[in-house]
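This report concerns only the one structure given below.
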Amino acid sequence: MRAAEKARKKAGLSKTEMQILMAIRYQPGLTVSQLRDQLGMTVPTFARIIGQLDTRGLIERAREGSDGRRRKLSLSDAGTTLTTPITIELRERLRVAFRACGPEAVAGARFMLEALVK
């Protein structure tokens, strides 16, 4: 968590901005309302933060099919560039931790994480 916090501060992002960007990175194509519901944020707060990320050029909002009111979210090239070092750092930390724990602990962690998303 310290590594993620350090990377977040270096990127000049709030915790909420980072949470939104990483959610979009790993689930591109969610609509604004789907992501807002998933993160449990209020409409005004989420709209403000999405607007700030859009102004900074970190996300893209594309119209979804025939419903012009719905917008699908994805990272822009700048958003991908900004989140890539953070992702690499976190992935490396997890890799080292999993190696240190051994295969049985890794299997247990995976089982637990899969149970959380069911």
What distance separates [X] [atom1] from [Y] [atom2], expressed to the nearest 0.5 Å?
X: Gln34; Y: Leu39; atom1: CD; atom2: CG; answer: 11.5 Å
X: Ile50; Y: Thr45; atom1: CD1; atom2: OG1; answer: 12.0 Å
X: Ser74; Y: Glu60; atom1: OG; atom2: CD; answer: 4.5 Å
X: Met22; Y: Gln27; atom1: CE; atom2: CD; answer: 12.0 Å
X: Ile20; Y: Leu35; atom1: CD1; atom2: CG; answer: 6.5 Å

Exercise for the section: Scan for salt bridge (Lys or Arg N to Asp or Glu O under 4.0 Å) pairs involving residues 75-89, sequence neighbours excluded, and state none if there are none. Expected result: Glu89-Arg93
Practice task
Mind jotting down which residue pairs meet the salt bridge (Lys or Arg N to Asp or Glu O under 4.0 Å) criterion with at least one end in residues 23-40? Sequence neighbours excluded, please.
Solution key: none
Problem - Which atom of Ala78 lies closest to which atom of Gly57, heavy atoms considered - result: CB-O, 3.5 Å
Practice task
Sort out for me which residue in Arg61, Arg48, Arg71 forms a salt bridge (Lys or Arg N to Asp or Glu O under 4.0 Å) with Asp54.
Solution key: Arg61
Problem - Crowding at OH, Tyr26 (>12 non-hydrogen neighbours, <6.0 Å) - result: yes
Exercise for the section: Return yes when atom CZ of Arg99 has more than 12 non-hydrogen atoms of other residues, nucleotides or ligands closer than 6.0 Å, and no otherwise. Expected result: no
Handout entry: Within-4.5 Å side-chain heavy-atom neighbours: Leu58 and Leu13
Key = yes
Practice task
Side-chain contact test, heavy atoms from C-beta onward, threshold under 4.5 Å: evaluate it for Leu30 versus Ile24 and give yes or no.
Solution key: no
Handout entry: Partner of Leu21 under side chain to side chain contact (heavy atoms under 4.5 Å, CB included), chosen from Ile86, Leu82, Thr80
Key = Leu82
